[in-house]
Undergrad: 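One structure is given below, represented as structure tokens, and several questions about it will come after.
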Amino acid sequence: MAELTHGGDVYSLAEEYAGPILDFSANINPLGLPERVRRAAGASLADCARYPDPLCRGLRKALGERLGLGPELILCGNGAADLIFRMALALRPRRGLIPAPTFSEYARALEAAGCRTETHFLREEDEFRVTGDLLERLEPGLDILCLCSPNNPTGWPVEPALLEEILLRCRENGTAILLDECFVSFLDQPERYTMVPRLREFPNLVILRAFTKLYAMAGLRLGFCLSADAALLEEMSRRGQPWGVSIPAQAAGIAALGEAEYLRRTRELIPRERAFLREGLEGLGFPVVGSRANYLFFRGPDGALARRLRPMGILLRDCGNYPGLGPGWYRAAVRAREENAAFLAALKKVKEGKG
């Protein structure tokens, strides 16, 4: 079996620990699956004797109405990772650029498509931000740039002025951009950082979003991408299985788009608990970097912190396997207050040598 490189593997920990598990390794909305979404997914089971709509027409229409876009600019998939691979296979780029550290599936997808991938290492002295140095790497002959904003695992969004320069440079050079905005809704000012309103200006731009994190729908697998390049979306559609989005996932997605109160509660909870968790981590002597989304990126005492928390039933994302990082870097999801307090208490025990 391939090594598991992502967070959220509660199944392995359940083989070691019999009690309730606190999962800080996956950046899921702590409010959990909205009740309306749960009901919609359950009710849709009555229709599961037939194939799902391969074009996701109802879901794309609902998404278009929410985003102010025509449904022809939207392609749905079996989670964000599915669409990353589809884009790589549709474009078949020869040369790609990826800042690091960042989400590993960009590199895996480009590799699967036969692309030669170059890495732009973000510097610790810049707190692992994307800076103007990246512009120097954007030259003719670069086929694709993968950019995550806010970045995973650092939580830094790309500043709008710099992102504008990047988009203009890539359009001038004919470089496709995969802009991953899966965590943008957790920012304090998401409208300042999203490029959705600029989509038609940049036909080389593909924006990636997902229901996974915002609506706590990780197990339902539902993502979507946006592009003004209809031919690219058509090719991406052909590069995946024809029924990639299940009937329950489509029903759940449509229901989630009506969850205004859930989003309001999320936008109250995340900044409050993020500040609580940041203060607690820094009070323990663990410096926090970036962390503008629903997770905190911090420096721990050594490379064994995640392993020491496992006997307490706590999962923490060890970021030592991210290119550009090393032992001692961690990412913790923002959870509800009781869970966050329990996490900080466990960290205190570990630091005092009691765990």
Side-chain angles (χ1 to χ4, degrees), residues 67 69-77 80-100 102-122 129-152 157-182 184 193-209 223-240 323-324:
L67 297 170
L69 299 172
E72 70 279 2
L73 303 183
I74 304 169
L75 176 66
C76 298
D82 173 39
L83 294 163
I84 294 169
F85 275 80
R86 289 193 193 205
M87 183 176 178
L89 293 171
L91 287 175
R92 289 286 177 184
R94 293 167 298 174
R95 183 177 164 220
L97 180 65
I98 303 174
T102 197
F103 186 48
S104 63
E105 295 306 305
Y106 313 131
R108 289 188 66 234
L110 294 183
E111 179 184 348
C115 179
R116 176 170 60 87
T117 305
E118 301 169 9
T119 303
H120 177 74
F121 287 104
L122 306 176
R129 299 176 192 246
V130 173
T131 68
D133 290 356
L134 180 63
L135 294 169
E136 300 171 10
R137 304 290 301 274
L138 305 180
E139 57 190 19
L142 182 68
D143 297 309
I144 186 170
L145 169 68
C146 299
L147 203 56
C148 189
S149 180
N151 192 22
N152 173 7
V158 182
E159 285 302 313
L162 176 57
L163 187 52
E164 173 96 12
E165 289 188 71
I166 292 169
L167 289 169
L168 290 169
R169 183 74 59 87
C170 287
R171 186 177 65 183
E172 178 183 322
N173 292 337
T175 301
I177 303 177
L178 174 61
L179 180 62
D180 186 339
E181 291 189 355
C182 283
V184 77
Y193 293 95
T194 181
M195 286 293 121
V196 171
R198 311 289 302 280
L199 203 62
R200 292 189 184 276
E201 295 177 51
F202 299 98
N204 58 319
L205 173 63
V206 174
I207 296 176
L208 186 67
R209 294 278 190 97
F224 61 96
C225 68
L226 312 168
S227 177
D229 187 341
L232 174 58
L233 290 184
E234 178 62 30
E235 186 62 24
M236 287 176 65
S237 179
R238 285 199 292 266
R239 293 295 176 169

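Throughout, numbering of the chain's residues begins at 1 and tracks the sequence.
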Undergrad: Between Glu118 and Arg116, is the side chain to side chain contact (heavy atoms under 4.5 Å, CB included) condition met? List the steps.
TA: CA-CA 7 Å; Glu118 301 169 9; Arg116 176 170 60 87; 3.0 Å; yes

Undergrad: When you look at Arg92 and Asp143, which way does the side chain to side chain contact (heavy atoms under 4.5 Å, CB included) test go after all the steps?
TA: CA-CA 9 Å; Arg92 289 286 177 184; Asp143 297 309; over 6 Å; no

Undergrad: Could you walk me through whether Arg108 and Glu111 pass the salt bridge (Lys or Arg N to Asp or Glu O under 4.0 Å) check?
TA: CA-CA 5 Å; Arg108 289 188 66 234; Glu111 179 184 348; over 6 Å; no

Undergrad: Could you list the residues that satisfy side chain to side chain donor-acceptor pair (under 3.5 Å) with Glu139, not counting sequence neighbours?
TA: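 Counting only residues at least two positions away or on another chain, Glu139 forms a side chain to side chain donor-acceptor pair (under 3.5 Å) with Arg95.
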
Undergrad: Report yes if the side chains of Ile177 and Val206 come closer than 4.5 Å at any heavy-atom pair, otherwise no.
TA: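 A side-chain contact is absent here, since even the closest heavy-atom pair is not under 4.5 Å.
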
Undergrad: On a heavy-atom basis, which atom in Phe85 and which in Ala112 lie closest, and how many Å separate them?
TA: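 The answer is CE2-CB, 4.1 Å.
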
Undergrad: Is a side-chain donor or acceptor of Thr175 paired with a backbone partner of Ile144 at a separation under 3.5 angstrom?
TA: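 Looks like no, no N/O pair under 3.5 Å.
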
Undergrad: For Leu135 and Leu162, run side chain to side chain contact (heavy atoms under 4.5 Å, CB included): C-alpha distance rounded to whole Å, both residues' side-chain angles, the deciding distance at 0.1 Å, then the answer.
TA: CA-CA 9 Å; Leu135 294 169; Leu162 176 57; 4.1 Å; yes

Undergrad: Mind checking the CE-CG spacing from Met195 to Leu205? Nearest 0.5 Å is all I need.
TA: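 Reported value, rounded in 0.5 Å steps: 8.5 Å.
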
Undergrad: Give the minimum heavy-atom separation between Thr194 and Glu181, together with the two atoms involved.
TA: OG1-OE1, 2.8 Å

Undergrad: Considering non-hydrogen atoms only, spot the tightest contact between Tyr193 and Pro160 and give its length.
TA: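 Taking Tyr193 first and Pro160 second, the nearest heavy atoms are CE2-CD, 3.7 Å.
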
Undergrad: Got His120 and Asp133 here, is their nearest side-chain heavy-atom distance under 4.5 Å?
TA: yes

Undergrad: Determine the minimum heavy-atom distance between Glu105 and Ile84, stating which atoms define it.
TA: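 Of all heavy-atom pairs spanning Glu105 and Ile84, the closest is O-CG2, 3.8 Å.
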
Undergrad: Counting C-beta onward and ignoring hydrogens, is there a side-chain heavy-atom pair between Thr102 and Cys146 closer than 4.5 Å?
TA: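 Of all side-chain heavy-atom pairs linking Cys146 with Thr102, none is under 4.5 Å.
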
Undergrad: Closest approach of Gly96 and Cys115, non-hydrogen atoms and distance?
TA: N-SG, 3.4 Å

Undergrad: Counting N and O atoms only, with roles assigned by atom type, does the side chain of Asn204 sit under 3.5 Å from a partner on the main chain of Gly174, one being a donor and the other an acceptor?
TA: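 No; judged by distance alone, with no hydrogens or angles, the pair does not exist.
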
Undergrad: Could you tell me the separation between the CZ atom of Arg239 and the CG atom of Leu91, rounded to the nearest 0.5 Å?
TA: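 Rounded to the nearest 0.5 Å, the CZ-CG separation comes out at 10.0 Å.
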
Undergrad: Which heavy-atom pair separates Ser227 from Leu233 by the least distance, and what is that distance?
TA: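 Looks like O-CD1, 3.7 Å.
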
Undergrad: If you define the side chain from C-beta out and look only at heavy atoms, does anything of Val184 sit under 4.5 Å from Arg209?
TA: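 Yes. Closest side-chain heavy atoms under 4.5 Å.
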
Undergrad: Report the distance from atom CG of Leu138 to atom CD of Glu165, rounding to the nearest 0.5 Å.
TA: 10.0 Å

Undergrad: Under a 4.0 Å N-O cut-off, is there an ion pair linking Glu172 with Arg169?
TA: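 A salt bridge is absent here (no side-chain N lies under 4.0 Å from a carboxylate O).
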
Undergrad: Which distance, rounded to the nearest 0.5 Å, do you find between the OG of Ser149 and the CD of Glu159?
TA: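 Nearest 0.5 Å value for the OG-CD distance: 8.5 Å.
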
Undergrad: Say whether, by atom type as modelled, one donor and one acceptor occur between the side chain of Arg171 and the main chain of Glu201 under 3.5 angstrom.
TA: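 Here the side-chain-to-backbone pair exists.
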
Undergrad: Can you confirm whether more than 12 heavy atoms, excluding those of Arg238, are under 6.0 Å from its CZ atom?
TA: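 Yes, because the 6.0 Å sphere around CZ of Arg238 holds more than 12 heavy atoms from other groups.
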
Undergrad: CZ/Phe202 to CD/Glu164 distance, rounded to the nearest 0.5 angstrom?
TA: 5.0 Å

Undergrad: To the nearest 0.5 Å, how far apart are CG in Leu122 and CG in Leu134?
TA: 8.0 Å

Undergrad: Under the side chain to side chain contact (heavy atoms under 4.5 Å, CB included) rule, what do Leu145 and Arg137 come out as? Steps first, then yes or no, please.
TA: CA-CA 10 Å; Leu145 169 68; Arg137 304 290 301 274; over 6 Å; no

Undergrad: Are Leu163 and Val130 close enough that some pair of their side-chain heavy atoms sits under 4.5 Å apart?
TA: no

Undergrad: Tell me, do Leu226 and Leu73 make a side-chain contact under 4.5 Å, heavy atoms counted?
TA: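 No; the side chains remain at least 4.5 Å from each other.
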
Undergrad: Any non-hydrogen side-chain atom of Ile207 less than 4.5 Å from a side-chain atom of Cys225?
TA: no

Undergrad: Do side-chain atoms of Asp180 reach the backbone of Cys182 as a donor and acceptor pair under 3.5 angstrom?
TA: yes

